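Below is one structure, written out as structure tokens; the observations come after it.
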Amino acid sequence: MSAYVRPDNLEEALEFLSEQPRILLSGGTDFFPARVGKPIKENVLDITGITSLRSIEMTSEYIKIGALTTWSDIVQSKLPPAFNGLKKAAITIGGIQTQNAATICGNICNASPAADSVPNLMALDARVKLQSLNESRILNLEDFLIGNRKTLRKPNELVSEILIPHPKESSYGNFEKLGARAYLVISIVMVGAVVELDKKQTVLNLKIAVGSCSPVAKRLKLLEKEAVGQKIKTIRIEPKHIDSLKPIDDIRATANYRAKIIPELLKRVIKGVVKL
Amino acid sequence: MSIIENTSISFVLNNIPQRLSVNPLSRFSDILRDHLGLTGTKVGCDAGDCGACTIQINGEQRYACLTATGQLEGCDVRTVEGLSTNGSISSLQKAFLEEGAAQCGICTPGMLMAAQSLLDKNPNPKKQQILDALGGVLCRCTGYTKIVQAVIKAGKGLSNKQIDNSISSVGTRMEKVDGIKKIKGKEIFGADVSPKNSLWLKAIRSPHFRAKFSHDDPDIILQRFPGIKKILTEKDITGNNGFGIYPDIKDQPVLAKGHVRYRGEAVVALVGEKETVESLNDEDLGLKWEPLEAIRGWDAALSGKFEPVQSEIPDNILAEGYLKKNDVKKGFEESFKTAEGHWITSAVEHGYIEPEAGYAEKVGQRLNIFVCTQTPYMDQAEIAQVLGINANQIRIIPSAVGGGFGGKLDLSLQPLIALAAWILDRPVRCIYSRPESLASTTKRHPVRAFAKAGCNSEGKLTAFEYHGDFNTGAYASWGPTVADRVPIHCTGPYFVPNVLSKTRALLTNESPSGAFRGFGTPQAAIAHEALMDILAEKMGMDPLDFRINNAIRKGDKTNTGQLLEYSVGQVECLESLKNSWIEWRKKSLLYNTKNRTLKQGVGCGCVWYGCGNTAMSNPSTMRVGINHNGKITLYNGAVDIGQGANTIMIQICAESLGLPATQFEFVMSDTDLTADAGKTSASRQTFVSGKAAQLAGENLRAQIIHLAEASENAFLRIEENKLIVKDDSGEHSLILSDILPKSNGDVLIGEGTFDPPTTPLDENRQGDPYATYGFGAQIALVEVDTLLGTTKVIKIAAAHDVGKAINPTQVEGQIQGGIAQGLGLALMEEYIQEYSENFHDYLMPTVGDMPDIDIILIEDHEPLGPYGAKGIGEHALIPTAPAIIGAIKDATGISIHHVPATPDRVLKALHDSKLYNV
Ligand SMILES: Cc1cc2nc3c(=O)[nH]c(=O)nc-3n(C[C@@H](O)[C@@H](O)[C@H](O)COP(=O)(O)OP(=O)(O)OC[C@H]3O[C@@H](n4cnc5c(N)ncnc54)[C@H](O)[C@@H]3O)c2cc1C
Ligand code: FES
Ligand code: FES
């Protein structure tokens with residue numbers, strides 16, 4: 001017989017995880033759609049009872065987003081302008097029903113190439129905190145995600161927090177997503193960015209990542225480097241900036257199409273920052 | 001046998017504390033429906049893609065299907081059943097009723113809960129906030145317009161007035177007679193009931209496009225799984241293991257015999273306890289597949305290189321359509337300008353939010369079948385031949401139908417549940433999952449077409465030629481009908497002296513293509529309207545003027561040589577759009593001079609479409625009765641699939657009978673109680689069954705007048721058991737309880753039958769195939785982002801000649817809903833075999849994709865129709881896609897020849913055109 005447990009504190013949850021592998025259940029918005037028309041027979045650890053994980057906290061080092069923070073929580077929280085991209089992404093996730101249930105932590109852990117949180121969190125330089133009964137470790141998000149539906153999480157671990165270093169003042173986030181309809185739409189391509197600007201709109205720092213064009217969203221390091229010192233309005237996107245991306249054909253669009261629109265979306269994300 | 005131990009869970013549901021002991025990992029939607037009996041919350045996908053299951057948890061809108069019941073511990077939950085307080089409906093529900101925001105009603109509970117969550121926080125929301133709030137609920141019927149209006153109205157508190165039901169007959173905006181049930185979540189759809197001891201049925205389906213298969217002996221499997229009561233295989237079929245809508249083509253097996261021809265074809269059906277049935281897999285059944293080379297697409301079908309799909313049809317050509325009027329060759333020779341092109345359209349899914357569902361129960365030597373269907377009478381005959389019993393042994397009781405659009409014309413689960421219930425003598429129920437519904441049921445035909453048109457130096461059309469190959473999939477379904485209807489309509493609503501049209505329905509190893517709103521004409525319309533635009537351009541004429549110049553008029557002969565004498569409102573439709581056309585064109589030109597990369601444009605699409613079956617008898621009979629208590633019942637054999645037949649049939653009958661529509665009750669299409677009113681298809685119900693309802697009312701009225709010896713124009717009224725007939729000579733009372741009942745307890749019964757007059761067509765398909773045609777035109781204003789290839793439809797104006805709008809609210813609802821489906825066809829809907837088997841990947845328009853819609857109703861009286869009315873159901877969809885595709889061309893200069901015009905197709909066309917630097 002399979003089991004379902006729903007502890008109300010982290011300690012207990014980690015104990016359950018140390019006993020045997022269990023599927024973690026949070027908002028369920030990836031969990032249930034993957035099990036349509038099939039009986040659910042797995043061992044499930046439902047973490048939604050651990051209310052302490054639903055929080056956004058400022059510490060001296062990080063802005064900590066607890067594992068149960070939903071997309072709606074992100075929309076409704078007061079966060080620095082560097083989070084504008086993440087907020088913009090939040091209102092494009094499914095419908096409000098999804099945003100009210102789905103956690104951004106689940107979005108990361110599900111590790112879909114089309115996960116809208118990921119480019120934004122990469123641009124925010126996010127880390128994840130993994131906890132097991134006897135250990136806790138912090139990994140860069142970029143290292144944590146290793147492939148389509150693959151992460152470095154060990155079976156006895158859960159992600160308890162997303163940690164974001166305090167963005168520099170005058171850092172602004174932005175996000176662009178292209179899909180084929182207005183709501184309930186999965187990204188064909190999406191771009192998240194955080195730009196730090198001086199008063200004259202010169203780029204002091206740029207972090208920018210593209211999703212849905214590789215198994216894991218990718219930072220564009222060359223572009224980030226070359227942008228520094230340029231006026232934001234004059235940044236040009238060149239083919240070399242995006243040649244690390246390997247878009248593929250799927251039912252949402254052709255690889256060719258993706259390749260064509262990436263530069264345009266990059267441009268819009270970067271230029272859009274100042275308009276926000 | 002529960003897989004996970006039950007847990008005790010406490011929460012508040014609609015203000016009442018609950019304590020349940022259930023599997024905590026169950027989807028809460030299942031617990032609501034199966035455990036608590038609250039079936040107001042609907043399930044359309046179980047995957048967060050449709051929103052039908054939207055409820056409120058702690059005041060926030062959530063999907064019940066994605067909520068583990070264990071997560072509700074301590075929560076405050078509200079469902080649609082909790083919206084009404086003390087039996088009186090909320091102002092939001094009232095607004096839905098008044099605005100006609102519910103058509104089939106399957107999305108309504110979810111819509112209401114999503115809207116309520118917004119209104120709770122923000123009683124006077126802005127339009128954008130409403131769109132955001134409703135963005136997670138799909139509606140396939142309404143095009144969302146009336147839903148948004150209803151929320152605005154409720155927000156403004158405008159709907160607190162008493163609902164006035166007294167104005168009610170023809171031409172009024174009577175509220176739906178079944179509306180109150182729909183907005184309260186009390187409507188009973190296919191999945192909402194079944195007898196207590198029902199067994200569960202699930203079909204096992206092919207994962208391959210074409211394959212041979214074998215499985216273990218059912219008896220051995222049964223021994224291993226005591227929860228299974230029966231494994232149905234083709235051997236169990238007591239009659240003919242074949243079905244299909246034509247008397248002579250029953251080519252689709254109920255259960256395949258060793259060989260499957262498309263992905264999704266049923267091979268065996270498990271019947272037993274739900275848990276066990278759901279948990280068995282291919283391995284448990286010893287299912288072995290031997291995949292075979294499949295025929296995919298038109299070229300493969302015609303190549304002659306593969307084993308034919310059906311061995312009896314070696315060339316894979318299932319049916320051919322043909323039409324010849326005069327001499328196209330000569331017509332083209334005499335043309336001043338010609339235009340031609342190739343067009344491809346994709347498979348499209350009906351996308352009704354209610355998956356197929358129902359149950360069958362044996363009663364003595366008869367079967368009752370409760371199911372969502374568009375065609376109860378045909379189901380009856382079909383199931384009878386599969387079981388090898390008489391049709392009168394089968395009673396079809398249609399559930400409320402959560403959308404159909406042609407997709408519920410074919411059999412789906414009916415023969416399986418019937419067979420199982422018949423053999424096991426136990427009630428048997430089945431509910432398709434969304435992936436099963438998508439994989440196994442019919443689609444709109446993908447078409448590959450060539451079309452050519454010519455005009456003379458005055459811009460008058462001279463000749464038109466159309467060749468279309470229709471991918472009809474593995475089985476006939478409605479393929480031959482589509483191949484036949486398209487040639488007749490292939491030119492659009494224009495007078496063309498010379499026409500040649502040839503179509504073929506080709507068998508492939510893909511989903512059977514069937515009937516879908518328009519039977520192939522929406523695909524053909526994309527070609528004829530593009531040709532009109534090209535010819536207008538070549539002639540230097542305004543495209544709207546070119547269409548007016550060529551529009552078919554009274555006194556003209558159609559492609560089949562039929563003389564049109566009455567009710568031909570095409571010119572009026574086009575003229576009524578002229579002001580908007582000129583204004584939108586001007587504005588978009590100006591816009592384009594100011595914008596380098598965003599481009600706006602305006603396009604036009606036209607439609608004509610015959611109401612009813614093609615060149616054959618398709619009668620409807622209606623009955624109306626009054627019982628000894630004065631209860632009036634309309635026995636309405638015309639299934640309401642959301643379009644509103646239940647309401648307008650009553651409006652029509654009430655008008656002709658002379659009693660208030662609000663006093664009517666009705667029975668919908670119960671084959672034991674109602675007379676055959678044919679299929680809900682081909683835009684025939686208002687015209688054909690509506691006329692029968694009018695005649696039934698007149699017939700009853702004549703009997704009453706006769707009995708009361710009153711004069712023709714007497715007023716009738718009912719007072720308890722008295723029918724009072726008042727004329728100039730005074731009041732005559734008929735004591736109803738003194739009259740002997742005839743049937744169903746009715747003491748007076750009126751009946752009417754109407755069969756629209758048509759003639760058979762000759763070898764060139766010349767003759768009078770339809771008794772009347774509906775006409776229409778739409779214009780669309782779009783904006784194309786030329787750097788991304790995305791298209792946004794900003795506005796649509798739609799003018800339709802409906803003869804007479806029996807209920808303007810419902811006509812508008814049909815038009816708005818048709819536009820939504822047309823928009824989907826134009827821009828996003830493409831069913832890709834194997835990959836589109838969920839609503840995550842099969843994209844249909846959401847509330848945010850809809851343009852503003854202006855509607856102009858033209859009423860060119862149709863003398864044969866009820867009070868002048870004719871059909872609108874399919875007409876509404878047909879011009880939309882051509883108008884949008886034309887608008888993209890007007891905006892950018894590029895012609896789209898492959899729909900849907902997805903961003904990647906548009907961007908590629910922009911690129912190939914070299915007009916843009918992309
Ligand atoms: C209609 C709909 C539309 C959607 N649209 C979008 C979209 O536009 N963009 C997008 O990016 N996503 C979209 N999604 C998916 C999105 O909702 C999810 O990715 C969501 O964010 C996952 O969170 P959850 O809490 O629901 O996770 P769950 O479904 O509960 O879990 C997701 C996965 O993460 C694991 N997991 C969850 N929490 C943890 C944890 N703390 N530690 C370790 N593992 C964990 C689970 O085991 C599971 O494998 C959509 C979903 C739906 C239903
Ligand atoms: S049934 Fe829940 S979203 Fe479709
Ligand atoms: S009324 Fe919305 S789906 Fe039918």
Side-chain angles (χ1 to χ4, degrees), chain A residues 1-6 8 25-44 46 48-49 70 72 91 94-102 176 178-186 188-189 249-254 256-258 260-261 263-265 267-268, chain B residues 3-5 7 23-25 27 45-49 51 54 57 60-63 65-68 70-71 73 114 117 131-138 275 278-279 433-436 787-790 827-828 832 835-836 838 840-841 843-849 902-904 907-908 911 918:
Chain A
M1 189 178 280
S2 353
Y4 168 90
V5 287
R6 187 169 183 262
D8 60 8
L25 172 65
S26 190
T29 63
D30 286 319
F31 177 89
F32 283 108
R35 290 160 178 81
V36 177
K38 296 175 202 148
I40 304 173
K41 290 183 182 169
E42 296 117 316
N43 288 317
V44 169
D46 185 335
T48 55
T70 64
S72 295
I91 57 171
I96 291 180
Q97 298 92 325
T98 306
Q99 294 159 25
N100 285 338
E176 285 286 341
L178 191 115
R181 66 176 170 185
Y183 296 102
L184 296 171
V185 66
I186 305 299
I188 294 171
V189 177
D249 283 336
D250 64 16
I251 65 160
R252 293 189 189 113
T254 58
N256 206 343
Y257 174 74
R258 289 192 163 92
K260 279 218 183 82
I261 63 163
E264 181 56 29
L265 289 181
K267 231 186 282 172
R268 289 186 191 189
Chain B
I3 297 162
I4 287 171
E5 225 175 307
T7 308
N23 174 350
L25 198 50
R27 297 164 192 270
C45 70
D46 263 347
D49 296 324
T54 301
I57 300 178
E60 304 285 355
Q61 55 165 311
R62 292 275 298 275
Y63 293 133
C65 75
L66 302 186
T67 304
Q71 300 184 331
E73 184 60 46
S117 309
L131 301 186
D132 289 345
L134 303 181
V137 191
L138 294 178
E275 296 270 3
E278 297 269 291
S279 64
S433 70
R434 179 58 60 185
E436 180 177 24
L787 296 174
L788 299 177
T790 49
L827 297 179
M828 64 182 82
I832 300 172
Y835 295 102
S836 300
N838 59 64
H840 223 61
D841 295 307
L843 300 184
M844 304 187 288
T846 67
V847 65
D849 296 294
T902 51
D904 59 354
L907 198 73
K908 181 163 186 312
H911 184 80
V918 291

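Computed from a prediction, not measured in an experiment: that's the story for all the values here. Below, chain A is the first sequence line, B the second, and so on; all start at residue 1.
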Counterpart residues, salt bridge (charged side-chain N to carboxylate O under 4.0 Å, His left out), relative to B/Asp841 (two or more places apart): A/Arg252

query: Looking at residues at least two apart in the chain, or sitting in another chain, which of them share a salt bridge (charged side-chain N to carboxylate O under 4.0 Å, His left out) with A/Arg35?
result: A/Glu42

Chain B interface, residue from A/Leu265, A/Ile251, A/Asp30, A/Leu25 that has the most non-hydrogen pairs under 4.5 Å: A/Ile251

- prompt: With chain B, which of A/Gly37, A/Gly179, A/Ala101, A/Ala180 has the greatest number of heavy-atom pairs at distances under 4.5 Å?
  reply: A/Ala101

What part of [X] gets within 4.5 angstrom of chain B, counting heavy atoms only: side chain, backbone, both, or neither?
{"X": "A/Thr48", "result": "side chain"}
{"X": "A/Val44", "result": "side chain"}
{"X": "A/Arg181", "result": "both"}
{"X": "A/Asp46", "result": "side chain"}
{"X": "A/Arg258", "result": "neither"}
{"X": "A/Ser26", "result": "backbone"}
{"X": "A/Ile96", "result": "both"}

Where does [X] contact chain A at under 4.5 Å (heavy atoms): side chain, backbone, both or neither?
{"X": "B/Pro435", "answer": "side chain"}
{"X": "B/Asp49", "answer": "backbone"}
{"X": "B/Ile832", "answer": "side chain"}

Keeping [X] on the side-chain end and [Y] on the backbone end, is there a donor-acceptor pair under 3.5 Å?
{"X": "B/Asp904", "Y": "B/Leu907", "result": "no"}
{"X": "B/Arg434", "Y": "A/Val36", "result": "no"}
{"X": "B/Thr67", "Y": "B/Tyr63", "result": "yes"}

Max heavy-atom pair count under 4.5 Å with chain A, selected residue of [options]:
{"options": "B/Asp132, B/Leu138, B/Thr902", "value": "B/Asp132"}
{"options": "B/Ser433, B/Gly48, B/Pro24", "value": "B/Pro24"}
{"options": "B/Ala47, B/Cys45, B/Ser836", "value": "B/Ala47"}

Reference residue A/Gln97; test side chain to side chain donor-acceptor pair (under 3.5 Å); the match among B/Glu60, B/Arg62, B/Gln61: B/Gln61

Stepwise side-chain hydrogen bond (donor to acceptor under 3.5 Å, both in side chains) check, A/Asp249 with A/Thr254: CA-CA 4 Å; A/Asp249 283 336; A/Thr254 58; 4.6 Å; no

- line: Rounding to 0.5 Å, atoms CD1 (B/Ile57) and OG (B/Ser117) come to a distance of 10.0 Å

- request: Check whether any side-chain heavy atom of A/Lys260 lies under 4.5 Å from a side-chain heavy atom of B/Lys908, and answer yes or no.
  value: no

field: Stepwise side-chain contact (heavy atoms from CB on, under 4.5 Å) check, A/Arg268 with B/Leu787
entry: CA-CA 11 Å; A/Arg268 289 186 191 189; B/Leu787 296 174; 3.7 Å; yes

